[in-house]
A.B. asks: 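Have a look at this one.
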Amino acid sequence: MDKVRTPDERFDGLPGYPFAPHYVELADGLRLHYVDEGPPDAPVVLLLHGEPSWSYLYRKMVPPITAAGLRAVAPDLIGFGRSDKPTRREDYTYQRHVDWLREALFDHLDLTGVTLVGQDWGGLIGLRLLAEHEDRFARAVAANTFLPTGDTDPGPAFFAWREFSQTTPNFHVGGIVNGGCTSDLGPEIVAAYDAPFPDDAYKAGARQFPVLVPATPDDPATEANRAAWRSLERFDRPFLCAFSDQDPITRGADQVLRARIPGAAGQTHVTIEGGGHFLQEDRGEELARVVVDFVG
C-alpha cells in the first residue's frame with residue numbers, strides 16, 4: 001500500500017519527549033514505532049493512545065511508571081506518530097488496526113504479563129486484544145474508552161465529533177487535542193501533537209478513525225466486537241476503570257465495563273477530577289500513580 005513516513009527531524013527536541021525510537025517491520029511492509037523505557041525484564045505496562053494523538057500523549061506517565069521499576073511500552077498506531085502512514089483512507093480498517101498491533105506486540109515483541117492501559121481508540125483496539133489474547137495480559141485499566149458494537153447509540157457528542165472530523169477543511173490535530181483537554185496547552189505542546197502530520201497526506205488515518213467506530217448493528221466490526229464482549233464477560237483478571245469527570249464522549253461507559261466484566265468486581269475504580277477526554281495530558285501523573293498502585 002502507498003504510505004508516507006514522517007521525517008525524523010520533525011521529532012527533534014519535542015518538549016518532554018526524550019525517548020529513543022524503536023521500530024518493528026510488519027509483514028505488509030509498514031514500520032511501527034514504539035517507546036520502550038524501563039528495565040527490559042520488568043512487568044510491562046502497555047500504553048495505547050487513540051484519536052488523533054500519538055505516544056507523545058503518554059510522556060508524563062512514562063517516567064513515574066519506570067521509576068516504579070516497571071517497563072513502559074507505548075506504540076504509535078499505524079497512521080500516527082513515528083509509525084508509517086498509508087495514504088489511502090480505505091487502507092485503514094478496525095480489523096487491520098487490531099492485526100497490526102497484535103503482530104507488533106506479540107509476534108515481534110512477545111509481550112506477556114501485560115498491564116493494558118487504553119484510552120479512546122487505545123481501548124477499542126486494546127480491549128479486542130485483551131479479549132482475543134487473554135493469556136498475554138495480567139490486568140487492564142480502561143480510561144475514557146469503550147468497546148462499541150453498534151447495537152446502542154453512541155450519543156450526540158460522538159456524532160457531533162464524527163461530523164466535524166469528516167467536514168472540517170482543516171483537520172488540525174494539535175488543536176483537536178487541545179480542545180479535548182481541560183487545560184489550555186501551550187503552542188509548543190500543540191505543535192508537538194502536530195509534528196507527525198506535516199500536511200494532509202499524513203492524516204488519512206486520523207481522518208478515517210471516527211467513521212470506523214461501530215455506530216450501527218451492520219458495521220463491519222460489529223460481529224468481532226460482539227465476540228470480544230462474550231470473552232470479556234468471562235475475563236476475571238483485575239480490571240480497573242479510571243475515567244475522568246469531564247469527558248462528554250465516553251461519559252457513562254465505565255459503568256458498562258464495570259457491570260459486564262467480572263474482573264472489575266471489587267476493584268477500587270477511580271474518577272480523575274479535572275481531566276478532559278485526554279486525561280493523560282490534563283492529569284497524566286495522577287493516572288500514572290493509579291496504574292502503578294494497581295500493578296502493585
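Keep in mind the model is a prediction, meaning the values are calculated, not measured.
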A.B. asks: For the atom pair NZ (K60) and CG (L287), what is the distance rounded to the nearest 0.5 Å?
C.D. replies: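 With rounding to 0.5 Å, NZ (K60) is 11.5 Å from CG (L287).
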
A.B. asks: When you group the ILVMFWY residues by side-chain heavy-atom contacts below 4.5 Å and let the links chain together, are Y23 and L32 in the same group?
C.D. replies: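 Different clusters: L32 never reaches Y23 through Ile, Leu, Val, Met, Phe, Trp or Tyr contacts under 4.5 Å.
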
A.B. asks: Of R31, R5, K3, which is the lone residue that meets side-chain hydrogen bond (donor to acceptor under 3.5 Å, both in side chains) with D84?
C.D. replies: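 Only match with D84 under side-chain hydrogen bond (donor to acceptor under 3.5 Å, both in side chains): R5.
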
A.B. asks: Rounded to the nearest 0.5 Å, how far apart are CZ of F137 and CG of L46?
C.D. replies: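 Reported value, rounded in 0.5 Å steps: 6.5 Å.
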
A.B. asks: Mind listing the closest non-hydrogen atom pair of V270 and T268 along with its distance?
C.D. replies: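 Closest approach of V270 to T268: CG2-O, 3.5 Å.
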
A.B. asks: Rounded to the nearest 0.5 Å, how far does CG of D236 lie from CZ of R234?
C.D. replies: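 Answer rounded to 0.5 Å: 10.5 Å.
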
A.B. asks: Could you list the donor-acceptor pairs under 3.5 angstrom formed by side chains in residues 68-75, with sequence neighbours left out?
C.D. replies:
from: R71; atom 1: NE; to: D36; atom 2: OD1; distance (Å): 2.9
from: R71; atom 1: NH1; to: P40; atom 2: O; distance (Å): 3.3
from: R71; atom 1: NH2; to: D36; atom 2: OD2; distance (Å): 2.7

A.B. asks: For the residue pair Y56 and Y193, categorise the inter-ring angle as parallel (less than 30°), tilted (30 to 60°) or perpendicular (more than 60°).
C.D. replies: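 Perpendicular: the ring planes of Y56 and Y193 meet at over 60°.
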
A.B. asks: Measure the shortest side-chain to side-chain distance between V35 and L47 over non-hydrogen atoms and say whether it is less than 4.5 angstrom.
C.D. replies: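 Sidechains of L47 and V35: no contact.
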
A.B. asks: State the CZ-CD distance between R96 and E90, to the nearest 0.5 angstrom.
C.D. replies: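 So the gap between those two atoms works out to 9.5 Å.
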
A.B. asks: Would you say the side-chain atoms of S244 pair up with the backbone N or O of G275, donor to acceptor, closer than 3.5 Å?
C.D. replies: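 Yes, S244 side chain to G275 backbone: donor-acceptor pair under 3.5 Å.
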
A.B. asks: Test your reading of the model: is there a side-chain donor-acceptor pair from T66 to the backbone of P63, 3.5 Å cut-off?
C.D. replies: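 Yes.
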
A.B. asks: Same hydrophobic cluster for I78 and V211, using side-chain heavy-atom links shorter than 4.5 Å among ILVMFWY?
C.D. replies: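 Looking at the clustering, V211 is in a separate group from I78.
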
A.B. asks: My understanding is that only residues two or more places apart in sequence, or in another chain, count here; which of them pass side-chain hydrogen bond (donor to acceptor under 3.5 Å, both in side chains) with D184?
C.D. replies: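 Result, side-chain hydrogen bond (donor to acceptor under 3.5 Å, both in side chains) vs D184: N178.
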
A.B. asks: Enumerate, atom names and distances included, each donor-acceptor pair closer than 3.5 Å involving a side-chain atom of residues 106-113, sequence neighbours excluded.
C.D. replies:
from: D107; atom 1: OD2; to: R102; atom 2: NH1; distance (Å): 2.9
from: H108; atom 1: NE2; to: E25; atom 2: O; distance (Å): 3.3
from: H108; atom 1: NE2; to: E103; atom 2: OE2; distance (Å): 3.3
from: D110; atom 1: OD1; to: R136; atom 2: NH1; distance (Å): 2.7
from: D110; atom 1: OD1; to: R136; atom 2: NH2; distance (Å): 3.4

A.B. asks: Could you check F197 against V4 for side-chain contact (heavy atoms from CB on, under 4.5 Å), going step by step and ending with a plain yes or no?
C.D. replies: CA-CA 10 Å; F197 311 102; V4 289; over 6 Å; no

A.B. asks: Can you tell me if T6 and K85 form a side-chain donor-acceptor pair at under 3.5 Å?
C.D. replies: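 Yes.
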
A.B. asks: Can you tell me how far apart CG (L116) and NE2 (H133) are? Round to the nearest 0.5 Å.
C.D. replies: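 One finds 12.5 Å between CG of L116 and NE2 of H133.
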
A.B. asks: Is there side-chain contact between P220 and T93, with heavy atoms separated by less than 4.5 Å?
C.D. replies: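 The answer is no; the side chains never approach within 4.5 Å.
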
A.B. asks: If we ignore hydrogens and angles and just use 3.5 Å, is the side chain of Y58 paired with the main-chain N or O of L48 as donor and acceptor?
C.D. replies: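 Yes, Y58 side chain to L48 backbone: donor-acceptor pair under 3.5 Å.
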
A.B. asks: Show which side-chain atoms of residues 122-130 pair as donor or acceptor with protein atoms under 3.5 Å away, not counting sequence neighbours.
C.D. replies:
from: R128; atom 1: NE; to: E132; atom 2: OE2; distance (Å): 2.7
from: R128; atom 1: NH1; to: N225; atom 2: OD1; distance (Å): 3.0
from: R128; atom 1: NH2; to: Q95; atom 2: OE1; distance (Å): 2.8
from: R128; atom 1: NH2; to: E132; atom 2: OE2; distance (Å): 3.3

A.B. asks: Under 3.5 Å, side-chain donor or acceptor atoms of residues 7-20 against the rest of the protein: list the pairs with distances, not counting sequence neighbours.
C.D. replies:
from: D8; atom 1: OD1; to: R82; atom 2: NH2; distance (Å): 3.4
from: R10; atom 1: NE; to: A195; atom 2: O; distance (Å): 2.8
from: R10; atom 1: NH2; to: D194; atom 2: O; distance (Å): 3.4
from: R10; atom 1: NH2; to: A195; atom 2: O; distance (Å): 3.2
from: Y17; atom 1: OH; to: S55; atom 2: OG; distance (Å): 2.8

A.B. asks: Would E285 and M61 count as a side-chain contact (heavy atoms from CB on, under 4.5 Å) here? Give the steps.
C.D. replies: CA-CA 6 Å; E285 295 88 347; M61 295 182 61; over 6 Å; no

A.B. asks: Taking side-chain hydrogen bond (donor to acceptor under 3.5 Å, both in side chains) as the test, write out the residues that go with S183, two or more places apart.
C.D. replies: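 Scan of S183 (side-chain hydrogen bond (donor to acceptor under 3.5 Å, both in side chains), adjacent residues dropped) gives D282.
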
A.B. asks: Going from OG on S83 to CG on L77, what distance comes out if it is rounded to the nearest 0.5 angstrom?
C.D. replies: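 One finds 7.5 Å between OG of S83 and CG of L77.
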
A.B. asks: Return each pair, listed once, that meets ring-ring contact (aromatic ring centres under 6.0 Å, His included) where at least one residue sits in residues 73-104; pairs must be two or more places apart or across chains.
C.D. replies: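 Listed once each, the pairs are H49-F80, F80-F209, Y92-H97, Y94-W121, H97-W100, H97-F209.
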
A.B. asks: Hydrophobic clusters here meaning ILVMFWY residues chained together by side-chain heavy-atom distances under 4.5 Å, can you tell me if M1 and V24 are in one?
C.D. replies: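 Result: yes, single cluster for both.
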
A.B. asks: Only pairs under 3.5 Å count here: list side-chain donor-acceptor contacts from residues 249-262, not counting sequence neighbours, and write none if there are none.
C.D. replies:
from: T250; atom 1: OG1; to: D247; atom 2: OD2; distance (Å): 2.5
from: R260; atom 1: NE; to: E233; atom 2: OE2; distance (Å): 2.8
from: R260; atom 1: NH2; to: E233; atom 2: OE2; distance (Å): 2.7

A.B. asks: Are the side chains of Q267 and P238 in contact, using a 4.5 Å heavy-atom criterion?
C.D. replies: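 When only atoms from C-beta onward are counted, Q267 and P238 do touch, with a gap below 4.5 Å.
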
A.B. asks: Measure from the side-chain N and O atoms of R139 to the backbone N and O of V114, and report whether any donor-acceptor pair falls under 3.5 Å.
C.D. replies: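 Here the side-chain-to-backbone pair does not exist.
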
A.B. asks: Test: ring-ring contact (aromatic ring centres under 6.0 Å, His included). Region: residues 260-296. Which pairs qualify, not counting sequence neighbours?
C.D. replies: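 Residue pairs with at least one partner in residues 260-296: there are none.
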
A.B. asks: Flag the pair L101 / Y34 as yes when at least one side-chain heavy-atom distance between them is below 4.5 Å, and no otherwise.
C.D. replies: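 L101 does not reach Y34 side chain to side chain.
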
A.B. asks: Restricting to non-hydrogen atoms, name the atom on A242 and the atom on V141 that form the minimum distance, rounded to 0.1 Å.
C.D. replies: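 Here A242 and V141 meet closest at CB-CG1, 4.1 Å.
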
A.B. asks: Counting distance only, does the side-chain N/O of T168 pair as donor-acceptor with the main-chain N or O of F171 below 3.5 Å?
C.D. replies: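 A pair under 3.5 Å: no.
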
A.B. asks: Tell me the closest heavy-atom pair linking L57 and S53, and the distance in Å.
C.D. replies: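 Taking every non-hydrogen atom into account, CD2-OG, 3.5 Å.
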
A.B. asks: For R59, check salt bridge (Lys or Arg N to Asp or Glu O under 4.0 Å) against everything at least two apart and list the hits.
C.D. replies: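 Listed in chain order: E281.
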
A.B. asks: Are the side chain of S231 and the backbone N or O of A131 linked by a donor-acceptor pair below 3.5 Å?
C.D. replies: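 Yes, S231 side chain to A131 backbone: donor-acceptor pair under 3.5 Å.
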
A.B. asks: Return all side-chain donor-acceptor pairs below 3.5 angstrom for residues 147-160, not counting sequence neighbours, or 'none' if the list is empty.
C.D. replies:
from: T149; atom 1: OG1; to: D151; atom 2: N; distance (Å): 3.3
from: T149; atom 1: OG1; to: D151; atom 2: OD2; distance (Å): 2.7
from: D151; atom 1: OD1; to: R226; atom 2: NH2; distance (Å): 2.6
from: D151; atom 1: OD2; to: R226; atom 2: NE; distance (Å): 3.0
from: D153; atom 1: OD1; to: G155; atom 2: N; distance (Å): 2.7

A.B. asks: Please name all residues satisfying salt bridge (Lys or Arg N to Asp or Glu O under 4.0 Å) with K203, sequence neighbours left out, ordered by chain then number.
C.D. replies: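 Here the qualifying residues are D200.
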
A.B. asks: I'd like to know if the side chain of N144 reaches the main chain of D120, judged simply by a donor and an acceptor atom lying under 3.5 Å from each other, with no hydrogens or angles considered.
C.D. replies: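 Not a single qualifying donor-acceptor pair exists.
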
A.B. asks: Keeping D245 on the side-chain end and G274 on the backbone end, is there a donor-acceptor pair under 3.5 Å?
C.D. replies: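 The answer is yes, because a donor-acceptor pair under 3.5 Å joins these two groups.
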
